[in-house]
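Data first, discussion second: the structure below is written as structure tokens.
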Amino acid sequence: MLLGSVLALFILGADGHPARADTTTTIPLAGAWKFRLDAGDVGVKEKWFTQTFDDSVTLPGTTDENHKGIKKDEQCIDRLSRVWYWKGPAWYQREVVIPEAWKGKRITLFIERTKHTRVWVDGKYCGGEDTLSAPQLFNVTKAMTPGEHTITVVVDNAKLPPVGPAHAVDERTQSNWNGIVGKIELRATAPVWLDDVQVYANAAKKQATVRAVVRNLAGKAAAGRITVACESYNVAKPATFKTQAVDVKAAEKENVVEFTYQPGDDVPLWDEFQPAMLRLSLKLETKVGGETWGDERSVHFGMRDFKRDGNRLTVNGRSVFLRGRTDSANFPLTGYPPMDKAGWLRILSITKAWGINHCRFHSWCPPEAAFEAADELGVYFQAELPNKRDAFDAPDSKEAAIHDIDWLEVEGTWKQKPLDEYAKREGELIFRPFGNHPSFVMFTLGNELGRSPGMFEMVAHFKKTDPRHLHSEGSGNEHWDPSYAEGDDFWVTSKTSKTLPVRGSFFTMDFPNPHIETFPPSTMVDFSKSIEGIPAPVVGHETGQFQVYPDFRDIPMFTGVLKARNYEIFRERLKAAGMIDQAHDFVRASGALSAICYREDIEAALRTPAMAGIQLLDIQDFPGQGTALVGMLNVFMESKGVIEPEAWRQFCCETVPLLRM
């Protein structure tokens, strides 16, 4: 049976009335869900998955957005403040009708982004998951026969993996929200289907190795073929390339089909200037006994090589300097990142207007929509494990493992696992959905970590698992006594030894007499001595960090789940000092000094012949972790009027004239 026919599906909402959806392979589950908070963490013991809930919320969304939990009037000085706070289990429930046409198909529940979850269908347990970075998938085939069913999901944002205060979960950044965001849907496939497709581009040869995983749950051997087609888009003149057929034998439950696809010499390459995208479409047709099954999948990729060449980074053989920023997960209206491409097109278009071609995600990984937007705009991404800990060696005792736990379902119970096991699995989960994106060029184990033997092993494992990206132990690791980690493809650091900086400004206890704080502006400073002899590309870690006085005119803009009560504290202090009438003057004066200092830091890096790039902290305000209002843009990505993008690009863009004198 082919999947091309149009089916009329019916979904029951929380009010019990069916909602019509015309689709062949998905049932969207966005909308009203029944809901219950579990303050005592007794829901599993009391079998709430067999009960019906009285309250309701809207998903996708969070408890904060739905005004559930504890309403708080806290006034945090070091971060934004949540209005509705919940930490613990929250239960979500939805009724759905599975159509007769789905009989015999494999059915999965797709949850794009959430926290620690467990899922039941009609009271039958269907598994648990705790990835913070990748979509969560639950096989519900056995539980979901045609007819009406009840899905129950418990999300527990108190049961976190052993990642420490990573920006993925930290209250000082996007907050440790509870809920489900992004896509929520049921998906159906034939019992023989394309489970995964990974494309490994080789721009030098203008070809790609394609690795497709064909799964077979039909109970019998299957045989057939995959028809491959490719077309370019996001280019001035889109083109269609040759079609190719590959034979398939699927005798096992999991079958790997690997082949080389050569679109031709006229295939466009991807980089920041011409981000040419390719759509590879695979159509699978197989026979099992006397039945025919079909499945289709499209993946998007770019023909690009991102490599290290000595101490330089290259894209398709040409040197590139990373003019980067550090995304610290600041989303004050929702508390979580945009899950749609339009939201990320806005963010990345603004940063490109300020001369930025690179974005490092500080101890978190963005969603699919961010990669899609970066692909089309030509922005280089560095994703990271959601991690702020470095205990990558399995502990020798239970006591040693207490602070490094990973709650995973093992044989019906929840067991503790060390950080290294969680990190390995989390990295592999990140590579699968996001690895094809050409914007995904760099990956690290986390932020400002120490060092352990297990970290070397983890980097080596990830380099072997997915060589499409450059890999490193972390950003700013061992900043108190830095040294290059053998095996890393690049080194993100603020200094290469205790006395050799690669940025111009430091906390005085971290590095005495930094040149920006200590000396007048100069056209002679560079960091050549600091990177001499380093065998890998060096990227400046969190360059800048120059504070601008709080702009109290931003306070009314915080209309979402986080309030700027830290700004209010500073405003009251200024009032008490009798200087509130000078507030905007302080913004202008401190902002002007900040812009001058950023220029000095950026030009010093650009002036260094073998420097590979910088990662600013930041072009955008970071109102968390001490209220670091370090941006030329406020947290809403709006200009403060301190300096305009055209003037900023005079010293931060692809071509900057520099003079030593």
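Keep in mind that this is a model prediction, so the values were computed, not measured.
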Check: Tyr92 ring centre within less than 6.0 Å of Phe35 ring centre: yes
His362 and His167 aromatic ring geometry - parallel, tilted or perpendicular at 30°/60° bounds: parallel
Test: Lys115 cationic atom under 6.0 Å from Trp177 six-membered ring centre, within 45° of axis: yes
Salt bridge flag under 4.0 Å for residues Asp618 and Arg325: yes
cation_pi(Arg187, Phe110) dist<6.0 Å, angle<=45: yes
Partner of Asp64 by salt bridge (charged side-chain N to carboxylate O under 4.0 Å, His left out), out of Arg82, Lys563, Lys87: Arg82
Salt bridge flag under 4.0 Å for residues Arg553 and Asp551: yes
Near-ring test Phe371/His437, centroid separation under 6.0 angstrom: yes
Presence of salt bridge, Glu171 and Lys72, under 4.0 angstrom: no
Glu572/Lys575 ion pair, N-O < 4.0 Å: yes
Test of ring centre spacing under 6.0 Å for Tyr125 and Phe49: no
Between Phe431 and Phe443, ring centroids under 6.0 Å: yes
